[in-house]
Amino acid sequence: MLRNTFIHLPGVGPLRERSLWEHGIRDWDAFLVAAEEGRLPSSGLASAVPLIRQSQEAVRLGDAGFFKPLLPPPETWRLFGEFAERAVFLDIETTGLSPWCDEVTMIGTLAAGRPRLFIRGVNLEDFPDYVEQFPLLVTFNGSQFDVPFLRAHFPGARLDQPQIDLRFVLASLGYRGGLKTVERSLGLSRDPAIQGVDGFEAVRLWRRWRRGDPEALRRLALYNLTDVANLVELLEAAVERKCRLAGFPAEKAMLRPCPMLKPGAEILAACIAECCQEDAARKFRLA
DNA sequence: AGCCTTACTCGACCCGCGAC
DNA sequence: GTCGCGGGTCGAGTAAGGCT
């Protein structure tokens, strides 16, 4: 779907993009051929040829950042088709809502189907080096909460990647509200062990763990990784609907299959068991 | 409960096209 | 070739909503 995209060109909005598709210019290759043959629907578009070539090169090099200043934020979902395997889904837990007064307690990530947990007092400091390798972030309301919070806590971390913020993608499709509300609307379910857990309860779980309750940490980790894992399904649902609504050229709009992006419950359980084992608890108490 | 980015609205500007 | 109109894009200002 990224290769069918033209709204990153100056002077092209959704309507002109659709007009290009209707003229048979369905992707970047077709654009370059049409430019060479003088068949572009408006002469001004010929000046966009260098940008199209740069776009092709950026995809070849895996440089999603190239598109960040060019794509309107609500349209960054178009990067998913080309960068799905190199995207990192993430969600954070904190002790409150203020980046300056509260602390990050846990960060859950998921990349190419592999979950990881970063826990304060255990391995939280490993997060900046880990996140640096990914060219694309996927969050829910992360542009307003998670990323500013992480920036405040890891001032040197590389967090300038393009970001797909599912809150706004889904809202543009009519799915408004918080993460749990949207999940229910789309028929996603949660493990009964974390039914009723919300962000506020997550703060309480963290406090219980600090007072020595190892089960509280496991529950918090399951809550956090469930949030992250569900982002995969939400994104796939959103992209499918967006492609249909935008009128993407049919044969190109089909999502490439992305196997193993969402891990099964047993993989999540193994990740939680590894991070929440007793020696992690000992390390925390010594810290 | 505080923060931050985005959506939304509206006006200005640009470009293409048709009439003359 | 020039002018005027209309559709589309862009930018500034404001308000809202969701995260723990």
Side-chain angles (χ1 to χ4, degrees), chain A residues 5-23 38-48 68-77 89-108 118-120 124 137-153 159-185 194 196-210 216-217 219-221 223-228 230-231 234 238 242:
Chain A
T5 289
F6 298 108
I7 51 166
H8 64 309
L9 308 179
V12 178
L15 296 171
R16 292 210 174 108
E17 180 182 64
R18 191 182 277 253
S19 159
L20 280 167
W21 295 337
E22 286 165 2
H23 278 83
R39 286 190 294 104
L40 289 173
S42 72
S43 54
L45 283 169
S47 63
K68 188 178 178 183
L70 301 174
L71 276 178
E75 298 295 336
T76 46
W77 62 270
F89 297 74
L90 69 88
D91 182 55
I92 69 172
E93 308 304 327
T94 70
T95 55
L97 291 174
S98 169
W100 312 109
C101 307
D102 296 304
E103 294 176 333
V104 178
T105 57
M106 182 179 287
I107 305 169
F118 299 88
I119 303 172
R120 183 174 191 78
L124 194 68
L137 308 179
V138 184
T139 63
F140 190 94
N141 201 37
S143 60
Q144 303 192 20
F145 183 76
D146 301 63
V147 170
F149 220 110
L150 289 169
R151 281 206 181 103
H153 282 258
L159 287 161
D160 60 346
Q161 299 95 327
Q163 180 184 173
I164 302 176
D165 189 334
L166 280 169
R167 177 189 159 193
F168 298 105
V169 181
L170 290 160
S172 72
L173 290 163
Y175 297 98
R176 290 170 206 280
L179 177 61
K180 281 81 182 170
T181 306
V182 173
E183 282 178 9
R184 277 194 298 274
S185 305
I194 51 162
V197 177
D198 57 12
F200 194 66
E201 176 65 14
V203 178
R204 285 203 286 260
L205 286 170
W206 177 255
R207 289 182 185 147
R208 273 174 49 196
W209 139 251
R210 289 204 63 169
L217 184 67
R219 196 149 177 249
L220 177 59
Y223 167 71
N224 175 251
L225 281 184
T226 301
D227 275 4
V228 180
N230 281 351
L231 293 182
L234 292 179
K242 276 291 195 182

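The sequence lines fix the lettering, A, B, ..., with proteins before strands; numbering per chain opens at 1. Note that these values count all heavy atoms, side chains included, but never hydrogens, waters or copies made by symmetry. Bear in mind the structure is a predicted one, so any value in this text is a computation, not a measurement.
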remark   = Closest to the side chain of A/Arg16, out of C/dT9, B/dG16, C/dT20, is C/dT9
ask   = To the side chain of A/Leu179, which of C/dC19, B/dC3, C/dG7 is closest?
value = C/dC19
ask   = Roughly, in whole Å, what's the span from CG in A/Asp227 to P in C/dG18?
value = 15 Å
request  = Calculate the interatomic distance between A/Gln163 atom CD and B/dC4 atom P; express it in whole Å.
outcome  = 15 Å
key: Touch class at under 4.0 angstrom, heavy-atom based, for A/Ser98 against every strand present   = nothing
task = Remember a base hit wins even if backbone is also touched, and classify A/Gly142 as base, sugar-phosphate or nothing at under 4.0 Å, heavy atoms.
result = nothing
note = note: A/Asp102, atom CG; C/dG18, atom P; distance rounded to Å ~ 20 Å
inquiry  = Which heavy atom of A/Leu234 sits nearest to which heavy atom of A/Leu166, and what is that distance?
reply    = CB-CD1, 4.1 Å
ask   = Considering the options A/Asp165, A/Leu137, A/Thr76, which one meets the side-chain contact (heavy atoms from CB on, under 4.5 Å) requirement together with A/Ser143?
value = A/Asp165
ask   = Rounded to whole angstrom units, what separation is found between the CZ atom of A/Arg167 and the P atom of C/dA16?
value = 13 Å
note = A/Phe168 meets the ring pair (Phe, Tyr, Trp, His ring centres under 6.0 Å) criterion, sequence neighbours left out, with none
inquiry  = What is the distance, to the nearest angstrom, from the CZ atom on A/Phe149 to the P atom on C/dT20?
reply    = 10 Å
task = Kindly say whether A/Ile7 contributes a backbone atom to a donor-acceptor pair with the side chain of A/Thr5 at under 3.5 angstrom?
result = no
Nearest-nucleotide pick for A/Leu15, side chain only, options being B/dG2, B/dC4, C/dT9 = C/dT9
key: Separation of B/dC3 P from A/Trp100 CH2 (nearest whole Å)   = 10 Å
inquiry  = For A/Pro99 and A/Arg176, find the nucleotide of DNA chain B closest to each by heavy atoms; which residue's nucleotide sits nearer the 5' end?
reply    = A/Pro99
query = At under 4.0 Å between heavy atoms, what does A/Val147 touch on the DNA or RNA strands: base, sugar-phosphate, or nothing?
reply = nothing
key: Spacing between A/Asn141 atom CG and C/dT20 atom P, to the nearest angstrom   = 8 Å
ask   = Which one, C/dT9, B/dT6, B/dA1, comes nearest to the side chain of A/Phe168?
value = B/dT6
request  = Check A/Pro148 against A/Gly142 and note the closest heavy-atom contact, atom names and distance.
outcome  = CD-O, 3.4 Å
ask   = Closest nucleotide of DNA chain B for A/Leu45 versus for A/Pro148: which of these residues is on the 5' side?
value = A/Pro148
key: Between C/dC19 (P) and A/Arg151 (CZ): distance, integer Å   = 19 Å
query = Nearest of B/dT6, C/dG18, B/dG16 to any side-chain atom of A/Pro73?
reply = B/dT6
ask   = Under 4.0 angstrom, heavy atoms only, what part of the nucleic acid is A/Gly13 near: base, sugar-phosphate, or nothing?
value = sugar-phosphate
